[in-house]
Each structure stands twice: as C-alpha cells, then as structure tokens.
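Worksheet: the structure to be examined is printed underneath.
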Amino acid sequence: MSIPMPTTLQRFYSLFPLHMYEQEQVLPTSFFFSNVSPEASEAGGYQVEDIAPDATLFIHPPSNPNQTLLSSDIECVKWQAYLALRGIPGGVKVRWDLANEGAVGGRLPNLFLPVPKRLAKKEKSGEPSKARMRGELLEGKRIPSWVNGEIGKATGGEEGDEELEGYKDKDAQNESKAWIALLEGDVHAVFTATAPTPSILTKITSFDLSNTREKPILSTTFTGVSSMIPPFGSTAALEPILGRYKETIEALSVRLSHDRWFLGSRNGTALDAIVFSYLFAAMESSNTQVREEVCKWANLVAWEKRVRKMVENATSLRGSV
Amino acid sequence: MSDNSSPNTTQEEEKISLYVWPHFWNLPSFDIESLAAILYLQLAFRHHNHKHEHHKYRLVECTDPDVSPSGTLPFLVHGTKKVSTFHGIVRYLESLDMGLADEGANKEGEAHAIRRAKRVAWTSFVDSQLKDLVNHVLYAIPENYRKGLHTALVAHLPIPSKYYLPQRLRAVVQASLEPSGLWTVKEEEEVVKKHPFDKEKVKDVVEEKDSIIREAFGKEKLVHKARETLDLLAPLLKKHQHQHGHHQHTFFLSPHPTGLDALIAAHILILSHAPLPINTLLPLLKESYPAIIEHSEQVLAYAFPSEDNAEIRADVQVVQVPHANPVVQLGRAVGRILQSVVPVQA
C-alpha cells in the first residue's frame, strides 16, 4: 500500500533529476588473463582493427578544452602522449568525468578497455577468443605492458623489438632510464616548487583525499632544523632547484640535437612521451622563468610543437561526454 | 693540509670555503653529498695543480645545516656568493673554470657536449636511485642507524642539539624514502626496554618466524632493487689507458674523473667504510660489482694522494666552526619566520 507523492514534492524533486548511465559491458573474470596478451587465439587471424577499439583514457580536465585535449596534469599528459606515440591504431579517446579518488590506484589517468561489440556477439555463438577479451580498467603502471603486448602482436612480434620497447639498442634503453630519472626528479621538482599556491578559500573548501605520496623536494622549514623550536612549514629552496632545471633543459637540448626522436629511436618511445609532457607543462606554466628556459632552445621548442600536433591528432573526445 | 703562505696571484682574493659535515670513520665527511663535494674539490684542484694553477680552499667542518641558504650541507662560500647542493657547487666551479670538465673541450666539440649531457642524466639517476638505497641502509635499519650515523652525529653535536637534531634529520630522510617504499621501519623495533625492571616479553614462536620472513623478504627486495640500479651503472665504467701506459684507470663515462665519479664514489665509500652491523649491500657489491668498489677507492686515493706526491696535493685549510648556541639559533629561527611572513622588498 503506497502513498502517492504530493505534486509539490514531485516538482521539487524534478529539479534534481537522476541520470542513468548505460551499463558498460564487463565479462566474468574467467575470461580475463594476465595483462601480457597471450599468443594469437584459436579464433583465427589477428586483424589490426581489433586492437583496443574505443580505448578510453580517463584524465584530469585540460585547462582549455576548446583549444587542446591535453590534460592540465603532467601524469595524464604522459600517458596520453605515450599511447599516441606508441601508435595505438584508431587513436585514444579521452574523458574527464572521473575524479582522482575514484580511479584505480587513487590516481588518474586510467585506461578503460571496453569489450568490442562484435566480440560480444561472437561470444554468444560460443567461440570465446582469448586474445581479445577485455573490459578492464588499467591504472597507469599497467599500461606499458598492455601496449607492448598489443604492438608486439600487431607488428608480427619480433621478440627483440618488444623487449627493447622501441629503443635503438640496449644501451639506449639503459640511458633512457637515466633520463627518465632526471625528468621525474629534477624537472618534476621545478613544477612542484613553482606551482601556484592555492588561495586560502580553495584550501579550506577542497578535500584532498589522495594518498599517493611524492618525493619531497629540496625545501627548508620556516624555523630551520637545528633550533629548539620544532620545525614546521616548508619553503622550497628555489635557487638550487631552478639552477638544476636550467642544467637539465640544456642537457636535453644537447642530447636531442637534430634527431627526430630522443636517443635515435625509430618511433616515439616512453622517454619521448615523458619529455614531451614536461616540455608541454613548461610551456603552459605560469612561471616565466620556467617557460623562458625552454624557449631558449629552438630545437626543443620545434620538437615539442611537432609532437604536440601528433598527440592532438591521435586524441579525440569521447562522443557521449 | 697545512696553511701555505704562498702569494695568491688570482684576481679573486677571497678563498673558497666549503662547509661540510665533519669527518668520521676515516672519511673526510660522514655525509654523502658533503663527501662528494670534498672529493670533487680535491680532484679539481689537483687537476689544476698539475697545470700549475695553484688554488687553495678552506674546508669548514660545520654541524649546523641552518647556516646554509638551502638548509642542507654542503655549501660553498666564495666572497659574497653562497652556493649550496653538490650540483650547484659543481656548476659554480665550472663557471669559474675551476672544475673538472674542461678536458678535451676544444678538441672534440660535439661528443664532449653529448657526454656532458649524459653525465647530467646519470648524476640525477644516481641522486635518486643509488642515494635512496644507501639512505635505506644507513637510516632505515635501526641497528645501522644507532651504531652508525647516530654515533657520528652525536659525537660532533653540542648539548641541546644532540637530543633532537638527529631525529629531525632522520625524519627528512624518511619522507624521501617512503614514496619509493624503502622505509620499512616498524615502530615496535625501536622500543628499547624502558625500565630495568620490565619483564622481558616472551616472544611467540610464530611472531619470531613472521619477523624472520619479513626481514628476509625485505632484504631480497633491497638486493633486487640494488641489482637493478647497479646493473645500469656498471657498464658505464670504462677502462682507459693512462698517458704513460702504466696505470689503467677506470672512470664512469670518460677517461678522466668527473663529478659523476665523485658522486658515485662518495656513496660507495660510505657504504664500505661505515661500521654498519647489517649491511646487505656491501657483500653484494663485493661479489658482483668489485669494479665499482675499486673505482671508489681509486677516486679516494686520487683525491688524497700519499705523502710522496706532496706537490700535487691541493692546499687545504681545515677549520671547525662551533655550533651556534641555542639562543642565537632561536633568534635566527624567529628571524626566518618573520622573513617568510613579511615579504622582503628587494
């Protein structure tokens, strides 16, 4: 016996409509295999269009969605560029209606690999093809192994190529780790140090529930560490950080010289994606010193422009958002 | 290391003063960056003494990191200019042409510039990966910390600071190790029996096994990480024939010692010279990477040559700066607070 809702209440509630989102297809876990894709399935030949149709990357919203689809968060741009440069056919779609706290691992970006519709039909006919079952949400760390697996299969799977992840040789791969450490250490510190401090109002009203910790940058406490007052607060030591930043940008420019990709790789690699994301962030930064330092080196500016065009061409907005 | 009264013919009359953490364990300093800075200065000045440009510098043993503008030691004072952090010091010396990086500058041109760029990348790699590993061994394992760094710090610090400064420094290192998962200290391990009349807790057999397994996994993880890092550094060590053909020197990435060598050698020397009871990395180094240990000892020998080669030694004057007394420190701290709250008009 239910009491009908009074019309005033109905009208009031109609001001807050309930949105229903379509259910994403998820297969039962027995069809999921490890992230490194297995060999070509019994279902027959492997076609290029089958790689990740409609792969969608959840990112932080870009600063100006009309002008560019590249996110305002460095980590998201890294993965956007990585997916674009490694050549995922069909490009990558992006959407930004997911918050940091809702992401896998507590950190955006996440890659969503939906189940392709034609496979869903195939499944009904009783032919599960192991190689293409998806419907997962991958966090950042798991993206490279997925990409390596997919690219390896699509290009005919030369074992050596897949292991080298696109680098010229083993030496270049080792050196790339050093460059990545440089970028994610010293250059990242500059962005943390020069990030605009949020106003008191935003500090009070925003909830930062992220539990990911980043490495602390060189900073001093307000009171110093050796007096009897317990240390509190911190100010970044800007001079050494900026000095090191200038050194690293110069080194990057010298190392790139006139190559098409860093370290002479044939196509874009993870290192190129990371360099691009930091250069992009530097050009968009509100701090003039950070921006000018990159603008000094013409080859870096030209390279960044070229790669930005490539990444933007490969990225598209997901239709339904 | 005595004070020579030779006339200073260079234009800058001011001497270079390098402020570092004091000496301990047969090493000029017990701190990684300070030791790296000392090694770099020694190598650079020895290199210049070879070319008959005599430089002198003053080594100041300081225990108060607040004296430096960035709050960390080492830092360099030259006249009115203050430069801190190892990389800043190397950059500053190179800008004054007193550094190590001028070998082959004009001859090779591009290759030299690219080698230099590679060095920048590798020093950053060492700064993040190798330093984390060494800091883990020094700070994160309580027995190592108690018998190693804590004793070194306490030996040099005066009365009020010796009760709180080491913990604060350790907290800073903890903050930098936690993101990479290398800080594995469990708080219970730190509790020592408070009163002599406390009954000793009879540990469960299961608890013992748990802690043994946890320790073993922790060591395995550390060794695995160390292998990853050292596997990347070991191929960079190249053998070069010395000019006279007698010695075979091995340095990272170039035929002459550079800042990268000083930095890596500092890490390895501290690992090998500090008396740490649980040192998992040293046997790994000795077994699988003896070339790296040999390199670090060689750099030390190069930087501090024996008595026979007295003429190529740098002129160093060692001075000890006493720790400021607590009232002065309080005043300094209040001054810093005021400075940060009230923006200074330049």
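In the text below, chain A, chain B and the rest are named by the order of the sequence lines, each starting its count at 1.
Proximity to chain A (any heavy atom under 4.5 Å) is restricted, for B:T72, to the side chain, taken from C-beta onward. When heavy atoms are compared at a cutoff of 4.5 Å, B:T85 approaches chain A solely by way of its side chain, counted from C-beta outward. Contacts of A:A251 with chain B are made by both backbone and side-chain atoms, with heavy-atom separations under 4.5 Å.
Contact tally against chain B (heavy-atom pairs below 4.5 Å) for A:G185, A:G243, A:A237, A:P240: the top residue is A:G243. Each of B:L169, B:D231, B:D132 has some count of heavy-atom pairs under 4.5 Å with chain A, and the biggest count is that of B:D132.
Taking a 6.0 Å sphere around CD of A:E75, one finds it holds more than 12 heavy atoms contributed by other residues, nucleotides or ligands. Counting non-hydrogen atoms of neighbouring residues, nucleotides and ligands closer than 6.0 angstrom, the NZ atom of B:K162 exceeds 12 such neighbours.
Note that the CG atom of A:L263 and the NZ atom of B:K118 stand 8.5 Å from one another [nearest 0.5 Å]. From A:I180, atom CD1 reaches atom CZ of B:F125 across 10.5 Å, with rounding to the nearest 0.5 Å.
Of the residues listed (B:R91, B:H87, B:R116), the one engaging A:E247 in a side-chain hydrogen bond (donor to acceptor under 3.5 Å, both in side chains) is B:R91, and it is the only one.
Closest heavy-atom contact between A:W179 and B:A117: CH2-O, 3.5 Å. Taking each heavy atom of A:V254 and B:A113 in turn, the nearest pair found is CG1-O, 3.5 Å. Closest approach of A:R244 and B:V120 over heavy atoms only: NH2-O, 3.3 Å.
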